[in-house]
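Read through the structure below, which is laid out as structure tokens, and then see the notes.
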Amino acid sequence: MKFHRTLLPFKVMSFDLDDTLYDNSEVIRLAELNCVDFLRNSSHINQLDLDYWHSWKHKIEQNNPILCEDVTAWRMATIRAMLQFHGKKALEIEEICRDAMDYFLQWRHKIDVPQQSFEVLNLLQSKYKLAALTNGNVVPERIGFSQFALTLWGGKNGRAKPHCDLFHQAAKYFRVEPHEILHIGDNLNTDVQGAIQAGCQAVWLNLSEKTFAQFEEASVLPTVEISDLSDLLKLNSGGESFSI
């Protein structure tokens, strides 16, 4: 554990979800792959594969980047635009879109959450208010989390991280100052830079073997750098270990 800034007293701990509390890469890969198969079979668009799907997603992002901060809205807009291009009727488009999103979200929530994540949150919950601030579309309760008093989704509840919206909404909800929020995440841009620029404090979960300086996107130092989620149990608002 490394301290890059002075850790100030905090009352709320907010968490990124994907790749912070669980490994998200394989989940997304399988969800995307199965959703594309579902769409190809439902729409009978034979050339629909991952490359074709990603090309349509890219088009939507170019035309409306703000919309795409809501990853669910982005996916639905992609499906609608692609089906419309292929001559599908409005009712069929909406039916396929609804069913495809339901199917995707089923796969999206097939997450193997490490037991350690539950245990750490259960312990922290006894001392701090906990929140989830995510740029994804996972519903924490669907994968077993019950510890969060607040969940905010980027795009849906405000601009996605690193914009300050979610951080400031969390501060308002808990009636605390932004610096009284300690945000924990794996991403140096969306989590660390976002939190610090919003006036919050930031814990960077560095699961790599690289140092801060080796990351090209590194521009803002976190408050604290940890290599294991359980390191959070060594913190208190004064920066020292505490016993629960």
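FYI, the numbering just counts along the sequence from 1.
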Gap separating the [atom1] atom of [X] from the [atom2] atom of [Y], nearest 0.5 angstrom:
X	Y	atom1	atom2	result
D19	N24	CG	CG	5.0 Å
L150	L133	CG	CG	7.0 Å
L152	T134	CG	OG1	10.0 Å

Under a 3.5 Å distance rule, please check whether [X] uses its side chain to pair with a backbone N or O of [Y] as donor and acceptor.
X	Y	answer
E180	K11	no
W56	I79	no
S55	Y52	yes
H109	L105	yes
W204	L221	no
H183	V203	no
Q169	N157	yes
N206	K210	yes
Q193	S219	no
S14	A132	no

Requested in this report: Would you please test L67 and W74 for side chain to side chain contact (heavy atoms under 4.5 Å, CB included) and show each step?
Outcome: CA-CA 6 Å; L67 168 74; W74 182 9; 5.5 Å; no
Is there a path of hydrophobic side-chain contacts, each under 4.5 Å between heavy atoms of I/L/V/M/F/W/Y residues, joining [Y] to [X]?
X	Y	result
L17	V12	no
L30	W53	no
V192	L205	no
F38	I28	no

Quick one: do [X] and [Y] make a salt bridge, cutoff under 4.0 Å?
X	Y	result
R40	D49	no
D18	R108	yes
E69	K161	no

Table please: side-chain donor-acceptor pairs of residues 91-99 below 3.5 Å, with sequence neighbours left out.
{"unit_1": "E94", "atom_1": "OE1", "unit_2": "R80", "atom_2": "NE", "d": "3.4"}
{"unit_1": "E94", "atom_1": "OE1", "unit_2": "R80", "atom_2": "NH2", "d": "3.1"}
{"unit_1": "E94", "atom_1": "OE2", "unit_2": "R80", "atom_2": "NE", "d": "2.8"}

Quick one: do the [X] and [Y] side chains pair a donor with an acceptor below 3.5 Å?
X	Y	result
D23	S25	yes
T72	N137	yes
N34	Q106	no

Report task. Given ring pair (Phe, Tyr, Trp, His ring centres under 6.0 Å), test F148 with F145 step by step and report yes or no. Result -> CA-CA 7 Å; F148 298 118; F145 290 112; 5.8 Å; yes
Requested in this report: Might you work through the side chain to side chain contact (heavy atoms under 4.5 Å, CB included) test for M13 and K129, ending with a clear yes or no?
Outcome: CA-CA 6 Å; M13 299 182 80; K129 296 293 185 182; over 6 Å; no
Does any non-hydrogen side-chain atom of [Y] lie less than 4.5 Å from one of [X]?
X	Y	value
L235	M1	yes
S230	Q116	yes
D70	W153	no

Report task. Evaluate the criterion side chain to side chain contact (heavy atoms under 4.5 Å, CB included) for residue pair Y22 and V138; output intermediate values, then yes/no. Result -> CA-CA 12 Å; Y22 48 82; V138 164; 3.6 Å; yes
Query raised in the report: Which residue, V113, D112, L21, forms the side chain to side chain contact (heavy atoms under 4.5 Å, CB included) with I143?
Result: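 Among V113, D112, L21, the one meeting side chain to side chain contact (heavy atoms under 4.5 Å, CB included) with I143 is V113.
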Report task. Show your reasoning for whether side chain to side chain contact (heavy atoms under 4.5 Å, CB included) applies to F167 and Q197. Result -> CA-CA 10 Å; F167 300 104; Q197 290 183 346; over 6 Å; no
